[in-house]
Amino acid sequence: MHPNGLGSTGKGVSVTPQVLILGGTGEARQLAAHLVGRGVRVTSSLAGRVSRPQLPEGEVRVGGFGGIDGLADWLRREEVRAVVDATHPFARTMSEHAARATAATGTPVLALRRRPWQPVPGDDWRPVSSLEDAAALLPDLGDRILLTTGRQELAHFAALRDQHFVIRTVEPPEPPLPPHVTTLLSRGPFTTDGELELLREHRIDAVVTKNSGGTMTTAKLTAARELGLPVVMVQRPPVPEVPEVGTVEEAVERLGVTVTSPGTGGE
Ligand code: NAP
């Protein structure tokens, strides 16, 4: 990020630069709202995977850019002054493309990535580095599994024929799926009481999740701890080395815009 941010004097933004926010997260929406509220021209970009996305304030574009070159062209054409990569911590390809396209065009870039969850006493986490490794652990962890790793890449679990999976996603899960499945469609935030009820009702033996961070989906971790259930925790993929902040407030500050109210994490 440019040391002078977006041209702020410390009292607010004096110009109307275009900021591109690569979104798909609650933080991206909160950042868009913060910047739009301060007169910054913001375009949020969504991948277009969700049929009824929660739309951020400001301008919105939907769909891929066509790789690194496509994004670089877009940055030049739209005269983008700064890019904020606020994609989900597991959206590895988009983050890589953002790093390369901004390097190619000389556009300042900032990554907004919520900090990963950390285990606390009483947690029984089983860290793994991929969904494939998560699937390999499951035969030893019980018969009934709560899977909260998203609607894609469930093929890794498809060969597990002896276990029953409760798959919770925002949109219907993409096949191939394991043969024994209950699908629950819902979007957080979730409560600890609700998660305890879910784990008990479905007689869950183990939970599988990505280490997404944020506050919207931490209740399942608390509930698993209370019931003494193991949590298979998929660790984050490596990310490109670009300047990084962990909160919306820090991002606003780095962009050189005055902060007025805090935001919280979300999916
Ligand atoms: P990905 O694997 O990193 O990206 C694959 C391709 O999708 C990218 O090369 C790009 O296409 C397009 N794309 C991704 N994010 C985009 C965005 N914000 N705007 C425009 N194009 C985008 O991404 P993913 O893991 O499939 O995630 C897709 C979106 O869902 C992301 O925006 C992410 O924030 C959100 N999300 C992901 C997860 C997760 O667990 N992965 C969870 C919650 C939300 P081109 O190469 O054509 O530009």
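Please read these numbers as outputs of a predicted model, since none were measured by experiment. Order of appearance sets the numbers: ligands from 1, and atoms from 1 within every ligand. Residues take their numbers from the sequence shown, with the count starting at 1.
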task: Could you tell me how the ring of Trp74 sits relative to the ring of Phe65: parallel (under 30°), tilted (30 to 60°) or perpendicular (over 60°)?
output: perpendicular
query: Which of the atoms of ligand 1 are close to Ser45, meaning less than 4.0 Å from one of its heavy atoms?
result: 17 (C), 18 (N), 19 (N), 20 (C)
field: Gly64 neighbourhood, listing ligand 1 atoms whose heavy-atom distance to it stays under 4.0 Å
entry: 11 (O), 21 (N), 45 (P), 47 (O), 48 (O)
message: Is it the case that ligand 1 has an N or O less than 3.5 angstrom from some N or O of Thr93?
response: yes
- request: Pick, from Glu153, Arg151, Met94, His88, the option with the minimum heavy-atom distance to atom 42 (C) of ligand 1.
  value: His88
query: What atoms of ligand 1 come closer than 4.0 angstrom to any heavy atom of Gly63?
result: 20 (C), 21 (N)
query: When you look for heavy atoms under 4.0 Å from ligand 1, do you find them on the side chain of Leu46, its backbone, both, or neither?
result: backbone
message: Please list, in number order, the atoms of ligand 1 under 4.0 Å from a heavy atom of Gly67.
response: 45 (P), 46 (O), 47 (O), 48 (O)
- prompt: Do ligand 1 and Lys210 have nitrogen or oxygen atoms that lie under 3.5 Å from each other?
  reply: yes
Salt-bridge criterion met for Arg41 and Glu59 (N-O under 4.0 Å): yes
query: Closest heavy-atom contact between Leu71 and His97?
result: CD2-O, 3.8 Å
- request: Would you check the N or O atoms of Thr149, main chain and side chain alike, for any that come under 3.5 Å of an N or O of ligand 1?
  value: no
message: Tell me whether Glu197 at atom CD has more than 12 heavy atoms from other residues, nucleotides or ligands lying less than 6.0 Å away.
response: no
field: Salt bridge Glu250-Arg115, side-chain N to carboxylate O under 4.0 Å
entry: yes
- prompt: Between Thr182 and His202, is any side-chain donor less than 3.5 angstrom from a side-chain acceptor?
  reply: no
message: Contact between ligand 1 and Gly66 is defined here as a heavy atom of the residue under 4.0 Å from a ligand atom; is it met?
response: yes
query: Hey, does Leu71 sit under 4.0 Å from ligand 1 if you only count heavy atoms?
result: no
query: Is Arg92 salt-bridged to Glu96, going by a charged N under 4.0 Å from an acidic O?
result: no
- prompt: Looking at Glu195 and Arg168, does any basic side-chain N land under 4.0 Å from a carboxylate oxygen?
  reply: yes
query: Out of Arg49, His97, Glu27, Arg92, whose heavy atom sits nearest atom 5 (C) of ligand 1?
result: Arg49
field: Under 3.5 Å side-chain donor-acceptor pair for Thr43 and Gln18
entry: yes
message: Can you confirm, on distance only, whether ligand 1 has an N/O atom lying under 3.5 Å from any N/O atom belonging to Gly23?
response: yes
query: Any salt bridge between Asp124 and Arg126, counting N to O under 4.0 Å?
result: yes
Per-atom contacts of ligand 1 with Gln152, taking only distances under 4.0 Å to non-hydrogen atoms: 26 (O)
statement: Note: ligand 1 atoms sitting under 4.0 Å from heavy atoms of Arg61 are 20 (C)
